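To keep things clear, I will list the structure first and then write my remarks on it.
All values below come from the heavy atoms of this structure, side chains included, with hydrogens, waters and symmetry mates left out. Owing to the predicted nature of the structure, the values given are computational and were not obtained by experimental measurement. Numbered from 1 within each chain, the chains take letters A, B, ... in sequence-line order.
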Amino acid sequence: MNNKKIAELFNEIADMLELSKEKRIFEIRAYRKAALTLESMQEDVSDILEKKGIDGLMDIQGIGKGLAEKIKEFVSTGKIKKYVELKKKYPIDFSNLTRIQGMGAKRAFVLYTELGVKNIEDLKIMVKNHKVRELKGFGERSEREIENGLALLESSKGRLLLGTALPEAESILKRLKASGLVEKAELAGSTRRMKETVGDLDILVTSNKPQAVMAYVKTIPEAESVIAQGPTKTTLWLKIGMSCDIRVVPLESFGAAMQYFIGSKDHNVKVRQIAIKKGYKLNEYGLFDTNGKIIANENEAEIYKKLEMQYPEPEMRENRGEIELAQEGKLPKLVSLENIIGDLHVHSKHSDGLNTIEEMVIEAHKLGRKYIGFTDHSKTEYIAHGMDEKRFAEYSNEIDLLNEKFSGKIQILKSAETDILKDGTLDFSNESLEKMDYVLASVHTNINMPKDEMTKRIITAIESGYVNILGHPTDRIINQRPPINLDLDKVFQAAKDNNVIMEIDSYPDRLDLNDENILKAKEYSLKFSISTDSHRTQHLFLMRYGIGTAKRGWLKKDDIINTYPIEKLLNTFKK
DNA sequence: GCCGTTTTCGGCCCGACTGTTTTCAGTCG
C-alpha cells in the first residue's frame, strides 16, 4: 500500500516546511490535507495511476498537479526528491516524534538543535538524563509530559475499533447523564459518524455548572489519567487505551457545538466556507452575521437550514459530495436500524457458533427479526467444524422442524456460508446448494493470491449460477489483515450481471464492504445485505455497526434486501 | 500547494488549552 507511506512523507514534508523561515502555512496545510485524504483512501494510488494516469490523481480533492506528480514520482522511484532534499537539512524522525502528545515539528527541531535528538530512542535518553528540562521553552513540566507521552506511545495501539469505542462512549454518556450535573450529553466526533476506527472520543455536554462537570469527569472509573483540563474542556486518557475529550457548552449554543464537534474536519471547513460566502461566520458558538448577531445556534438542523442546506446525517459528513447534494436538496433518505427485519449471516453449533439454532432463533425473535438465515460453514473450514453434505442434511432437517415450531413468529431460512475454493468452485455439491433458500459464498482460504487470479476466482463463483450473496467481499480484518487483492470494478460488474448481492458484514473488525467500496458498488446499482455474521446470541446486536457503515455508504432502505418482507426477499434470490 | 457562482490571482476555518518566553507561540482538533 503506497497511500500510507506517501501520507507519512507528505506529513513530514509539512513538518519540515514549518521550520523554514518564510511562513508557507497554506502550502503546509495543502500537504497535511493531502496526507489526510491519502490515509483514508481505500484505492491504492498506484491503481489509480495505472487506470487513469496522473489525471486520476488530480481528480482527488486536495491533490493538484504538484502533489500528483510527487505521488507519481514515489510510485515509480520509491522516493520524493523534495522530501530527500529537506531531510538532508532536517535528519529527524518527525513522523514518530510528533506522535507524542504536545510534540510538533518546532519542538522536535529544538530538541534536535540543542540536544541532537533525531528519534524516539534519543529522546528517551535525554528525558532520562533530565536534559530536556534545561532547554529554553521547556521546563520540568514539559519534560514530564514528554516522558508520559513516550510511555503512552508504547502502550497505545493506535486507532481502536468502533466496536470498542462506541460502547465505551455510551457508558461514559450514561454516567454523565446520571450525575445530575448536565442537561444534555451527546456523542460527537468520528464515533458519532460511525467511522470504522476511532482515534479518540468526543463528548459534548451542556451544563450551568461547568466547573462541577470538570471536577466530576476526573473521577469516572473509565479514566486512567487527566491529560489536560481547562474550565470547559477536559482530555482524559481512558483505561481502554484512548483519549476522550469532554466539553461543556451553554445550552443555547449546543447545536452549533454539535455541528462543529461531529465533524468531519473536511466537512466543517467546507460548511464554514459556505457560511463566509453568505456573509456569515460559523464557529462552535453559533452562526453569526457581519454584525456579530446570532442567526442560529441552539439547533444543529437550523444552522444547516440557514445555510440553505438539508440536514446531513452525521455518517455522511465526510465531504464526499454530501454538501453539494444538501445544497441541491437531493440528500438520500438513509437506511436505519428500524428498517432491518432479518439477518442473513448467522452461525450455530453446527459449525463454529456457540449457540444452537433454536437459541439464536429465540434471540432474533426477541429483537423483532421476521426472518433469520443460518449460514454455517462448509467442509473446507475444518477448523470451524464446517459441514459436509451429510451434516448439511441433518442441519437442514433441524431447520425444517424448528420452522414448524416457530411458525407465525419468525421464519428460519436455510443456507450455508459456502467456501469459494481456490479455483472458484463452491464447497458443496449442487444437490445441497439447490436445497438452500439462498447461498452465501465467501473466501476464507488461499487469501494471498495475485489480483488477477483472485478476481477470476470470485467471478467464477459469481457466474456459477448458485451464489446469491457474496460474504465479506474483501475479507479484510481491520488492524490485522489487508483486503484480498481484487479488481472490485470487475467483481461488481459480474455481480450486477448475475444478480449477486454484496454483503455488509457488521462484525466490528470486518465491516466489509466498507463505506468507500459501498459507494463504488452503488455505482453498479448493486443490492446489499447487512448481516451480523453472528457466532453467538450477543452478536445479533452488532447490526448497528453494519447500519452505520451502510449509512456512510449513503445506502437507502430499498438498497438493503434484509429490509424486504420475506416474499420479496425470496424473489430477489430467484435466478 | 490547491482551487474557482469574487475563476488563473489571491484567497485559504477557527478557537481552546498549555507552559512559561508576562503577552504569546506551539499544539491540537
Arg29(A) vs dC12(B): side-chain N/O to OP1/OP2 distance below 4.0 Å: no
Kindly determine whether Arg24(A) and Glu18(A) satisfy salt bridge (charged side-chain N to carboxylate O under 4.0 Å, His left out), including the steps that lead there. CA-CA 7 Å; Arg24(A) 295 144 75 177; Glu18(A) 274 187 20; over 6 Å; no
For dC14(B) and dC9(B), measure between their C1' atoms and round to the nearest Å. 25 Å
Which nucleotide in the set dG1(B), dG15(B), dG26(B) lies at the smallest distance from any side-chain heavy atom of Arg107(A)? dG26(B)
Taking the side chain of Glu284(A) as its heavy atoms from C-beta onward, which of dA16(B), dC13(B), dG1(B) lies nearest to it? dA16(B)
Can we say Lys88(A) and Glu85(A) salt-bridge, meaning some charged N sits less than 4.0 Å from an Asp/Glu carboxylate O? yes
Proximity to the side chain of Asp200(A) - top-ranked nucleotide from dG29(B), dT6(B), dT18(B): dG29(B)
OP1 or OP2 of dC17(B) sitting under 4.0 Å from any side-chain N/O of Thr232(A)? yes
Could you work out which one of dC3(B), dG19(B), dA16(B) sits closest to the side chain of Tyr285(A)? dA16(B)
Round to the nearest Å and state the distance from Ile28(A) atom CD1 to dG1(B) atom P. 11 Å
Return the 5'-most residue of the pair Gly102(A), Pro231(A) with respect to DNA chain B, ranking by each residue's nearest nucleotide. Pro231(A)
Could you give the CD1-to-C1' distance, from Ile13(A) to dC2(B), as a whole number of Å? 15 Å
Taking atom C1' of dC28(B) as reference, at what distance in whole Å does atom CD1 of Ile100(A) sit? 15 Å
Can Asp512(A) and Thr474(A) be counted as having a side-chain donor-acceptor contact under 3.5 angstrom? yes
Output the single nucleotide from dG29(B), dT6(B), dC17(B) whose closest atom is nearest the side chain of Asp245(A). dG29(B)
N/O-N/O pairs, protein side and nucleotides 22-24 of chain B side, under 3.5 Å:
none

Mind calculating the distance between CD1 (Ile323(A)) and P (dC3(B)) to the nearest angstrom? 15 Å
Using the C1' atom as the reference point in each nucleotide, state the distance between dT8(B) and dC3(B) in Å, no decimals. 10 Å
Just to be sure I understand the rule, does Gly137(A) reach a base, reach only the sugar-phosphate, or reach nothing, if contact means heavy atoms closer than 4.0 Å? base
Please determine, for the side chain of Lys277(A), which listed nucleotide (dT6(B), dC17(B), dC2(B)) has the closest atom? dT6(B)
Taking the nucleotide of DNA chain B with the closest heavy atom to each, which residue, Leu282(A) or Glu18(A), is nearer the 5' end? Leu282(A)
Given the P atoms of dT20(B) and dA16(B), what is the spacing between them in whole Å? 22 Å
Applying the 3.5 Å cut-off to both distances, the Watson-Crick or G-U partner of dT8(B) turns out to be none
To the nearest angstrom, the CG-P distance between Leu19(A) and dT27(B) comes to 9 Å
Between Asp266(A) and Arg320(A) (salt bridge meaning N to carboxylate O under 4.0 Å), is one present in this structure? no
Electrostatic pair Asp47(A):Lys451(A) at N-O distance under 4.0 angstrom: yes
Let's see if you can work this out: which of dC17(B), dC12(B), dG15(B) has an atom nearest to the side-chain heavy atoms of Phe26(A)? dC12(B)
Determine the contact category for Lys136(A): base if any of its heavy atoms lies under 4.0 Å from a base atom, sugar-phosphate if only primed atoms, P, OP1 or OP2 are that close, otherwise nothing. nothing
Sequence neighbours left out, what pairs pass salt bridge (charged side-chain N to carboxylate O under 4.0 Å, His left out) with at least one residue falling in residues 130-139 of chain A? Arg133(A)-Glu143(A)
Ser142(A) side-chain N/O to dT20(B) phosphate OP1/OP2 under 4.0 Å: yes
Students often get this wrong, so: under 4.0 angstrom with heavy atoms, is Glu145(A) touching a base, only sugar-phosphate, or nothing? nothing
If the test is salt bridge (charged side-chain N to carboxylate O under 4.0 Å, His left out), which one of Lys305(A), Lys306(A), Arg317(A), Lys184(A) qualifies with Glu300(A)? Arg317(A)
Taking only the P atom of each, what is the distance from dT6(B) to dC2(B) in whole angstrom? 23 Å
DNA chain B contacts made by residues 259-274 of chain A, counting heavy atoms under 4.0 Å: Tyr260(A), Lys265(A), Val269(A), Arg272(A), Gln273(A)
Run the salt-bridge test on Lys128(A) and Glu147(A) with the 4.0 Å N-O cut-off and return the result as yes or no. no
On a heavy-atom basis, the closest approach of Arg544(A) and Pro167(A) is NH2-CG, 4.4 Å
Could you tabulate the donor-acceptor pairs under 3.5 Å formed by side-chain atoms of residues 59-66 of chain A, not counting sequence neighbours?
none

Would you please say whether a donor-acceptor pair under 3.5 Å links the side chains of Thr549(A) and Asp515(A)? no
Pairs satisfying ring pair (Phe, Tyr, Trp, His ring centres under 6.0 Å), at least one member in residues 17-65 of chain A, at least two apart: Phe10(A)-Tyr31(A)
salt_bridge(Arg193(A), Asp202(A)) N-O dist < 4.0 Å: no
Quick check, are the ring centers of Tyr90(A) and Phe109(A) under 6.0 angstrom apart? yes
Between dG19(B) and dC13(B), how far is it from one P atom to the other, in whole Å? 29 Å
Electrostatic pair Glu516(A)-Arg552(A), nearest N-O below 4.0 angstrom: no
Check whether any side-chain nitrogen or oxygen of Lys33(A) sits under 4.0 Å from OP1 or OP2 of dC13(B), and answer yes or no. no
Classify Ile63(A) by what it touches in the nucleic acid, base, sugar-phosphate, or nothing, heavy-atom distance under 4.0 Å. sugar-phosphate
Minimum-distance nucleotide to Lys106(A) side chain [options: dG26(B), dG15(B), dC17(B)]: dG26(B)
Enumerate the residues from residues 64-76 of chain A whose closest heavy atom to DNA chain B is under 4.0 Å, giving them by residue number; use none for an empty result. Gly64(A), Lys65(A), Gly66(A), Leu67(A), Lys70(A)
Whole-Å distance separating the CD1 atom of Ile146(A) from the P atom of dG26(B): 15 Å
Nucleotide dT18(B), atom P - distance to CD of Glu140(A) in whole Å: 18 Å
Provide, to the nearest angstrom, the distance between the CZ atom belonging to Arg99(A) and the P atom belonging to dG29(B). 13 Å
